[in-house]
Amino acid sequence: MSWDVSLFKFSRRYSSVSEIASDEQLVNLGSLSAVQTTVTSIFPDTDWSDPHWGIFSSKIGSIEFNVGKADPVQSVGLHVRAGDEIVHGILLLCSKLECQAIDLSDGSFLEQSDDPARNLQRWREYRDQIVGDRT
């Protein structure tokens with residue numbers, strides 16, 4: 001169980017997911033090694049033992065980065081289990097990769113939210129109801 005976010009680079013910047021044309025073609029995020037390097041610059045010590053599935057773990061929480069098997073990388077799936085502080089790093093990653101983040105819990109763009117940690121907080125509340133407080 002995690003809070004899930006997907007990173008995509010589109011041909012232009014969208015303000016709403018509903019604006020994305022059905023024929024939109026994704027722009028590559030970069031080579032596999034470039035994406036790994038960018039992730040690791042923001043989330044140090046990310047474990048890339050599996051080059052397609054990076055794992056970051058720290059005192060503020062964890063993120064699993066699913067970059068897929070394609071090189072160059074088309075998208076990155078983030079599986080987040082962390083406190084609110086992690087969101088700053090995710091937004092920084094979007095800036096460095098020049099991409100947009102879709103919060104899969106409500107289909108909104110994370111970087112355009114007035115409160116980008118809101119759905120992470122909701123996820124933690126739900127998780128705590130199901131498995132108990134683990135923060």
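Under a 3.5 Å cut-off, the side chain of R81 and the backbone N or O of M1 do form a donor-acceptor pair. Judged by distance alone, with hydrogens and angles left aside, the side-chain atoms of S108 form no donor-acceptor pair with the main-chain N or O of L110 at under 3.5 Å. Of the possible polar contacts, none joining the Q74 side chain to the A70 backbone as a donor-acceptor pair under 3.5 Å is found.
For the residue pair E64 and S2, no side-chain donor N or O sits within less than 3.5 Å of a side-chain acceptor on the partner. Side-chain contact of W3 with D103: a donor-acceptor pair under 3.5 Å is present, judged by distance alone.
The same ILVMFWY cluster, assembled from side-chain heavy atoms under 4.5 Å apart, contains both I42 and F56. Linking Ile, Leu, Val, Met, Phe, Trp and Tyr residues whenever their side-chain heavy atoms come within less than 4.5 Å leaves I55 and V67 in two separate clusters.
Between atom CD of residue E125 and atom CD1 of residue I130 there is a gap of 12.5 Å, rounded to the nearest 0.5 Å. Here the CG-CG distance, from L93 to L78, works out to 6.5 Å after rounding to the nearest 0.5 Å. Note: Q100 CD to L97 CG = 12.5 Å, rounded to the nearest 0.5 Å. Rounding to the nearest 0.5 Å gives a distance of 8.0 Å between CG of L91 and NE2 of H88.
Residue pairs meeting the ring pair (Phe, Tyr, Trp, His ring centres under 6.0 Å) criterion with at least one partner in residues 62-85, sequence neighbours excluded, are F43-F65, W53-H79.
Annotation for D50: atom CG counts as buried by contact number, over 12 foreign heavy atoms lying within 6.0 Å.
You'll find the side chain of Q112 reaches within 4.5 Å of the side chain of S15, heavy atoms only. Looking at heavy atoms from C-beta onward, D45 lies out of side-chain contact with T40 at the 4.5 angstrom threshold. No side-chain heavy atom of S75 sits less than 4.5 Å from a side-chain heavy atom of S6.
Under the rule for a salt bridge (charged side-chain N to carboxylate O under 4.0 Å, His left out), E85 has no partner lying at least two apart in sequence or in another chain. With sequence neighbours left out, R13 forms a side-chain hydrogen bond (donor to acceptor under 3.5 Å, both in side chains) with no residue at all. D84 is linked by a side-chain contact (heavy atoms from CB on, under 4.5 Å) to A117, L120, Q121, R124, counting only residues two or more places apart in sequence or in another chain.
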Considering only distance and modelled atom types, tabulate donor-acceptor pairs under 3.5 Å from the side chains of residues 29-38, sequence neighbours left out.
unit_1, atom_1, unit_2, atom_2, d
S31, OG, S33, OG, 3.4
S31, OG, A34, N, 3.1
Q36, NE2, P51, O, 2.9
T37, OG1, S33, O, 2.9
T38, OG1, A34, O, 2.9

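Using a 4.5 Å cut-off between side-chain heavy atoms of Ile, Leu, Val, Met, Phe, Trp and Tyr, L104 falls into a hydrophobic cluster with F8, F10, Y14, V17, I20, L26, I102, F109.
Listed here is the closest heavy atom pair of A101 and V5: CB-CG1, 3.7 Å.
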Are S11 and E24 close enough, and set up right, to give a side-chain hydrogen bond (donor to acceptor under 3.5 Å, both in side chains), and what steps lead you there?
CA-CA 7 Å; S11 61; E24 172 68 52; 2.9 Å; yes

Give the intermediate values and the outcome of side-chain hydrogen bond (donor to acceptor under 3.5 Å, both in side chains) for residues D115 and S113.
CA-CA 5 Å; D115 183 7; S113 173; 5.9 Å; no

